[in-house]
Amino acid sequence: MAPVWSSCSNRCLLAATNLHFPSYFTAAISIATPQHPENQPESISFFSLNNKESIISTIKSISNKTHLLQIHAHILRTTLIQDAAVSHHFLCRVALSGPLQSPTYSHRFFQQISNPFVSHYNTMIRAYSFSDSPQKALFLYQDMRRRGIAANPLTSSFVVKSCIKFLYLLGGVQVHCNIFKDGHQSDSLLLTALMDLYSQCQKYDDACKVFDEMPQKDTVAWNVMISCFIRNNRTRDALSLFDVMQMEKYECVPDDVTCLLLLQACARLNALEFGERIHSYIMVHGYGGALNLSNSLISMYSRCGCLDKAYDVFMGMKNKNVVSWSAMISGLAVNGYGRKAIEAFEEMQRNGIQPDDHTFTGVLSACSHSGLLDEGVSFFDRMISEFGITPAIHHYGCMVDLLGRAGLLDKAYQLITSMEGKPDSTVLRTLLGACRIHGHVTLGEQVIEHLIELKAQDAGDYVLLLNLYSSAGHWEKVAEVRKLMREKSIQTTPGCCTIELKGAVHEFVVDDNSHSRKVEIYNTLDEINKQLKIAGYVVELSSELHKIDDKEKGYALSYHSEKLAIAFGVLVTPPGTTLRVASNLRICVDCHNFLKLFSAVYNRDVILRDHKRFHRFRRGHCSCNDYW
DNA sequence: GTAGGGTTAG
């Protein structure tokens, strides 16, 4: 018998479906129904849908909302919804693709299935893992287990992905336990997902443990391990994995993603030679044309202070997207070529590429690094009014930096208070840094109060405040802050410097004692200190934390990690070699003076990249104006 | 009774 649906209108469909459906479905249909009935697409012919194969093929091919709704009604009415294959295909269609795609809609359909299978659950869990409410994936997973339906490795994999999305460690651990119960503990893909979860939840040790226990480690597993190292501040170790993974024991071939991750690590460590090695690997393995890799190379070279090479990569690209241009702009910015960065920004638009929020971060940082105050203020306004980009925290950060460096501390503070939402600790820290440079004690105190309000427990903040007080000679305040730090048991982040030698990265912390050549390094440093003193080097006292005897203070300062890295550089490289050092913190005044004089006395160029910018020292001059 | 999983550019 011919189904009555063959020529029914939406009104008719609505009426009919009301018989079977609760009110939400009515709402769904009314949303899906075009406003003008005469423009409605032709109804589906259900004459041909008398077997499930034809229904399934129709479900797969349909790209029209109304028709999907008609099918929905049809499979409900004919009770085909209880057919696993039909319901599965329809669920996939509305959960994962097609015009009705929405986890809410598909969830309602899902609830109509009286005996859902694993595949139904998997589809729903997967849909939620992509959505804005990934927690719901976990609820469904728990519901599924309560109903005694066995999860397969894919179920767990989708749930882990959801947990990663909202960084829900506890949920992930729960799934991890169940994976053992289900006997899927040897599934490499599942374990890789779990590693990523632990890594993203800062559980570095757990990620390593999962990795070690993996029966088979493929390239993706190694990549996740590398990304875990990078995420958890073990960047140097991330680089070493490149060789380890290729060892005979593992025989794993690094792929394009490995290169992408390692380039990030090189950029952070200032590891130029290693970066060049990855560059060759990329070319040899035929990844040279990949946009993402080229973009990452631009960033790596410019963050290593090698703007020429960054520019070569940029110019060699057949196609450039907004990421390529933004990387080049930021590269010019961080290397101190503010005007050039602005020119690049204009050139980019002439090439028909629209800037985005990242581009403006580059442009604003160009202005702040080169002290282009008016330009920066104007770009910030244009970004909002002309390009319709809502300023994000990064943009405010650049602006506070720009205003702060220009000494317009009150304006910077005003900008922060005018922000929608509360400023984050980074922005406040930038302002605090400016207070430190300009010796603005009162504002510094206000800023620190905000930071305490934010429960920011970073020792760096207190150190800046200590510096501020000590440079102003407020020793009783210094003592107060130190007491506060002790009470709150705030630990200072150890300053850490890296220097590269023949592709190997050497890492130094304050008063480092771990390097195999420590005796030679300390002897070299003593010799450098002697030479610099002859040339007039005087230890800068204001950067130390508390009022101590000057002699003791001079001693404490001489072992900052910057100096150890330089001493190592002198020890292992021929005279005249440029020394490139990266530091995780802001360089202190004393080290700045030290390097300035060092570059003159030893006739060496030094390029130091601290947490934000480059300091290039040449024959007793520094190209930046941070400590003048 | 059917399809589906892990890493990734500024």
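Computed from a predicted structure; not experimentally measured. Chain letters run A, B, ... following the sequence lines, proteins first and then strands; every chain starts at 1.
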Sidechain N-carboxylate O distance under 4.0 Å for A:Arg405, A:Asp401: yes
Between B:dG10 (P) and A:Met328 (CE): distance, integer Å: 15 Å
Heavy-atom closest pair, residues A:Arg147 and A:Pro116: NH2-CD, 3.5 Å
N/O (side chain, A:Arg126) to phosphate O (OP1/OP2, B:dG6) under 4.0 Å: no
Options B:dA9, B:dG10, B:dG6, nucleotide nearest the side-chain atoms of A:Ser326: B:dG10
Touch class at under 4.0 angstrom, heavy-atom based, for A:His89 against every strand present: sugar-phosphate
Test: A:Arg277 cationic atom under 6.0 Å from A:Phe274 six-membered ring centre, within 45° of axis: yes
Summary of ring-ring contact (aromatic ring centres under 6.0 Å, His included) pairs that have at least one residue in residues 178-206 of chain A, sequence neighbours excluded: A:His176-A:Phe180, A:His176-A:Tyr198, A:Tyr204-A:Phe229
Euclidean distance, atom CG of residue A:Leu261 to atom C1' of B:dT8 [Å, nearest integer]: 6 Å
Basic-acidic side-chain contact under 4.0 Å: A:Lys203, A:Asp206: no
Side-chain donor/acceptor contact of A:Asp356 with base of B:dG10 under 3.5 Å: yes
Options B:dG1, B:dG10, B:dG5, nucleotide nearest the side-chain atoms of A:Asp187: B:dG5
Closest to the A:His358 side chain, choosing from B:dG1, B:dG10, B:dG5: B:dG10
Minimum-distance nucleotide (side-chain atoms of A:Val257 versus B:dT7, B:dT2, B:dG10): B:dT7
Per A:Arg231 side chain, nearest of listed nucleotides B:dG6, B:dG1, B:dT8: B:dT8
Side chain of A:Asp218 (C-beta onward), nearest among B:dA3, B:dG6, B:dT8: B:dG6
Separation of B:dG6 C1' from A:Lys217 NZ (nearest whole Å): 15 Å
Sugar-phosphate, base or nothing in reach of A:Ser119, heavy atoms under 4.0 Å: base
Sugar-phosphate, base or nothing in reach of A:Ala290, heavy atoms under 4.0 Å: nothing
Touch class at under 4.0 angstrom, heavy-atom based, for A:Thr219 against every strand present: nothing
Nearest-angstrom distance from the residue atom CG of A:Asp255 to C1' of B:dG6: 12 Å
Nearest-Å distance for atom pair CG/C1', residues A:Leu96 and B:dG5: 13 Å
Sugar-phosphate, base or nothing in reach of A:Asn321, heavy atoms under 4.0 Å: base
Lys/Arg N to Asp/Glu carboxylate O, A:Asp212 vs A:Lys217, below 4.0 Å: no
Touch class at under 4.0 angstrom, heavy-atom based, for A:Val322 against every strand present: base
Touch class at under 4.0 angstrom, heavy-atom based, for A:Leu291 against every strand present: base
Nearest-angstrom distance from the residue atom CG of A:Leu190 to P of B:dT7: 12 Å
Minimum-distance nucleotide (side-chain atoms of A:Thr192 versus B:dG6, B:dG10, B:dT8): B:dG6
Distance in angstrom units between A:Asn152 CG and B:dG5 C1', rounded: 10 Å
Touch class at under 4.0 angstrom, heavy-atom based, for A:Arg303 against every strand present: nothing
OP1 or OP2 of B:dG5 under 4.0 Å from side-chain N/O of A:Lys161: no
Sugar-phosphate only, base, or nothing, as touched by A:Val220 at under 4.0 Å among non-hydrogen atoms: base
A:Ile113 CD1 - B:dA3 P separation (whole Å): 16 Å
Touch class at under 4.0 angstrom, heavy-atom based, for A:Asp256 against every strand present: nothing
Only distances under 3.5 Å count here; give the side-chain donor-acceptor pairs of residues 301-316 of chain A to other protein atoms, sequence neighbours excluded, each with its distance to 0.1 Å.
unit_1, atom_1, unit_2, atom_2, d
A:Tyr301, OH, A:His279, ND1, 2.8
A:Ser302, OG, A:Ile298, O, 2.7
A:Ser302, OG, A:Ser299, O, 3.4
A:Lys309, NZ, A:Glu276, OE2, 2.4

